[in-house]
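To keep things clear, I will list the structure first and then write my remarks on it.
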Amino acid sequence: MATMYDDSFSTTTFRERDVKENPIIAIGTNCPVTSRQPKRKKLLNSTPEWEWRTMPSPRTTGMVEGTAPTGSDAETNLSYRYMLKGRFIKQFRYVEMTKESMRMVRQYTVSGDPWQDQINFFNLQLHRDLEATSLADTESVPPTDGSVASTTRGIARWLSNTDSRFTDSATTPDATVRTPTGSISLNNNAAATTVTEANVRSILASIASARFEDSTKFLGVCTPNMRSAFTSFSLTDKSGSSSTNFPLRRWNMPDQTIEARVTKYNSDFGPIDIITSFLLNAGATSPTLALFLDMGNLEIALDQPVEYQELFNDGVKKRGLLDTIFVQTVLNPQAHGIVTTRSTY
């Protein structure tokens with residue numbers, strides 16, 4: 001209990017208040033995608049690059065016996081190599097607290113150092129900022145000295161196909177490298193309840209065809225409503241005689257429970273571990289409903305992990321800065337899929 005005396009009434013009697021020491025955090029702080037992503041080494045410049053390679057079409061013709069290769073038969077792999085480029089973003093939280101407020105906060109709820117409590121609080125928030133930025137459908141922006149901040153391209157924007165979706169010419173991926181249209185399910189501003197199991201199977205088949213890989217393990221990052229849509233894939237109507245859905249009994253008689261939870265979807269082209277993200281559409285106008293991610297083809301290039309530095313203290317206010325510098329890199333845009341409410345690829 002944190003003891004505090006209340007003298008707000010016109011009386012000589014003080015009242016002791018029982019205040020719980022540990023505050024209730026109303027917002028979830030887990031970051032399921034960025035915590036799973038491999039971390040890349042320190043950057044050498046503000047627009048790091050990585051190589052993407054494709055393969056030539058298979059050859060089914062033979063060589064004429066008794067002939068020698070000519071100049072037109074010569075090959076080089078240069079035409080099958082492409083460079084992808086990202087852009088950095090610096091994010092920060094500027095923390096400030098007066099000495100008087102620090103004293104008052106200690107009286108209410110904080111056990112220990114109230115200033116450290118501030119730092120811990122905004123450290124969590126900065127990691128949430130990083131998660132939301134990485135998942136966002138936002139385009140990269142080149143910096144302008146003194147006026148425009150550099151912005152990294154979010155995963156949802158990387159998974160696009162048309163030129164209009166890429167406005168940062170310096171980092172626009174070549175058309176050959178982009179996510180195939182078959183791996184992008186456009187829901188045209190409809191609700192997640194309209195997404196069908198056939199839509200999901202089509203996306204996974206497109207990814208497998210683009211990569212020539214029979215099976216990939218995916219992380220299915222879903223909004224809460226899209227997570228529920230996966231559960232509905234195996235439900236029937238109330239009579240249990242639906243002709244369109246496979247009937248599945250979910251009543252567990254010994255435990256007297258109804259089972260209605262899906263955590264994995266095993267498809268022809270690999271399993272999807274389904275998780276819920278509450279930061280998938282922070283500030284979005286055309287929300288992403290789901291991302292199907294091959295985590296081996298994503299990296300966060302952390303030039304600077306979240307760090308804290310104490311700033312000038314003028315004797316009245318204590319100040320500190322938490323900041324991080326990173327680039328969200330999608331190593332292979334063809335290794336992932338997306339269900340989105342936007343109307344263009």
Side-chain angles (χ1 to χ4, degrees), residues 27 29 31 33-35 37-50 83-97 118-160 162-173 178 221 277-288 291 298-312 317-331 333 338 340 342 344:
I27 301 295
T29 57
C31 301
V33 177
T34 50
S35 63
Q37 280 188 264
K39 307 302 186 288
R40 186 179 172 183
K41 63 182 181 180
K42 193 174 180 67
L43 305 177
L44 298 177
N45 59 53
S46 60
T47 53
E49 298 179 80
W50 58 99
M83 296 304 296
L84 291 171
K85 182 181 291 189
R87 193 177 291 282
F88 84 97
I89 184 171
K90 178 176 182 177
Q91 293 188 297
F92 72 95
R93 289 281 169 169
Y94 177 47
V95 188
E96 183 179 84
M97 180 181 280
Q118 289 274 334
I119 301 306
N120 293 341
F121 179 86
F122 286 106
N123 177 55
L124 289 173
Q125 181 56 48
L126 189 52
H127 280 88
R128 293 179 73 247
D129 297 341
L130 191 154
E131 175 91 357
T133 302
S134 295
L135 294 174
D137 184 10
T138 52
E139 173 63 331
S140 61
V141 177
T144 301
D145 288 345
S147 60
V148 178
S150 177
T151 302
T152 195
R153 181 179 291 124
I155 294 174
R157 181 58 62 98
W158 271 108
L159 307 188
S160 304
T162 59
D163 290 338
S164 62
R165 298 276 296 161
F166 300 102
T167 57
D168 181 8
S169 59
T171 66
T172 293
R178 297 176 193 172
V221 185
S277 171
F278 299 95
L279 297 174
L280 186 54
N281 293 298
T285 55
S286 296
T288 301
L291 296 169
L298 290 174
E299 279 185 353
I300 282 196
L302 278 172
D303 187 63
Q304 177 195 304
V306 175
E307 293 181 356
Y308 167 73
Q309 57 179 314
E310 196 153 320
L311 302 180
F312 174 70
K317 292 183 178 180
K318 188 169 182 134
R319 299 178 177 88
L321 181 69
L322 287 152
D323 64 344
T324 181
I325 302 174
F326 70 96
V327 179
Q328 177 56 248
T329 62
V330 176
L331 302 181
I338 184 172
T340 175
R342 67 183 190 235
T344 59

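Quick note: numbers below take in every heavy atom, side chains included, and nothing from hydrogens, waters or symmetry partners.
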Kindly indicate, with the supporting measurements, whether the criterion side chain to side chain contact (heavy atoms under 4.5 Å, CB included) is fulfilled by Leu130 and Ile300. CA-CA 10 Å; Leu130 191 154; Ile300 282 196; 3.5 Å; yes

Tell me every residue that passes salt bridge (Lys or Arg N to Asp or Glu O under 4.0 Å) with Glu139, counting only those two or more places apart in sequence or in another chain.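 Residues passing salt bridge (Lys or Arg N to Asp or Glu O under 4.0 Å) with Glu139: Arg153.
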
Please report the closest heavy-atom contact between Ile119 and Leu322, naming both atoms and the distance.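 So the minimum-distance heavy-atom pair works out to O-CD1, 3.7 Å.
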
Looking only at heavy atoms, which two atoms of Glu131 and Val33 are closest? And how far apart?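 Heavy atoms of Glu131 and Val33 come nearest at OE2-N, 3.0 Å.
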
Looking at Lys90 and Asp303, is any side-chain nitrogen of the basic one under 4.0 Å from a carboxylate oxygen of the acidic one?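 Not counted as a salt bridge, because no side-chain N and carboxylate O are separated by less than 4.0 Å.
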
Salt-bridged, Asp163 to Arg178, with N to O below 4.0 Å?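 Looking at Arg178 together with Asp163, the answer is yes, because their closest N to O distance falls below 4.0 Å.
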
Taking only residues two or more places apart in sequence or in another chain, which ones pass side-chain hydrogen bond (donor to acceptor under 3.5 Å, both in side chains) with Ser169?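 Here no residue qualifies.
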
Under a 3.5 Å distance rule, please check whether Thr324 uses its side chain to pair with a backbone N or O of Gln304 as donor and acceptor.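 Checked: pair present.
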
Evaluate the side chain to side chain contact (heavy atoms under 4.5 Å, CB included) criterion for residues Leu279 and Arg128: first the C-alpha distance (whole Å), next the side-chain angles of each, then the deciding distance (0.1 Å), finally the verdict. CA-CA 8 Å; Leu279 297 174; Arg128 293 179 73 247; 3.4 Å; yes

If only side-chain N and O atoms count, and only distance matters, is there a donor-acceptor pair under 3.5 Å linking Gln328 with Gln37?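 Side chains of Gln37 and Gln328: pair found under 3.5 Å.
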
For Tyr94, is the OH atom crowded, meaning more than 12 foreign heavy atoms sit under 6.0 Å from it?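 Correct, the count exceeds 12.
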
Heavy-atom side-chain contact between Ile89 and Val327 under 4.5 Å: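 Contact flag for Ile89/Val327 side chains = no.
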
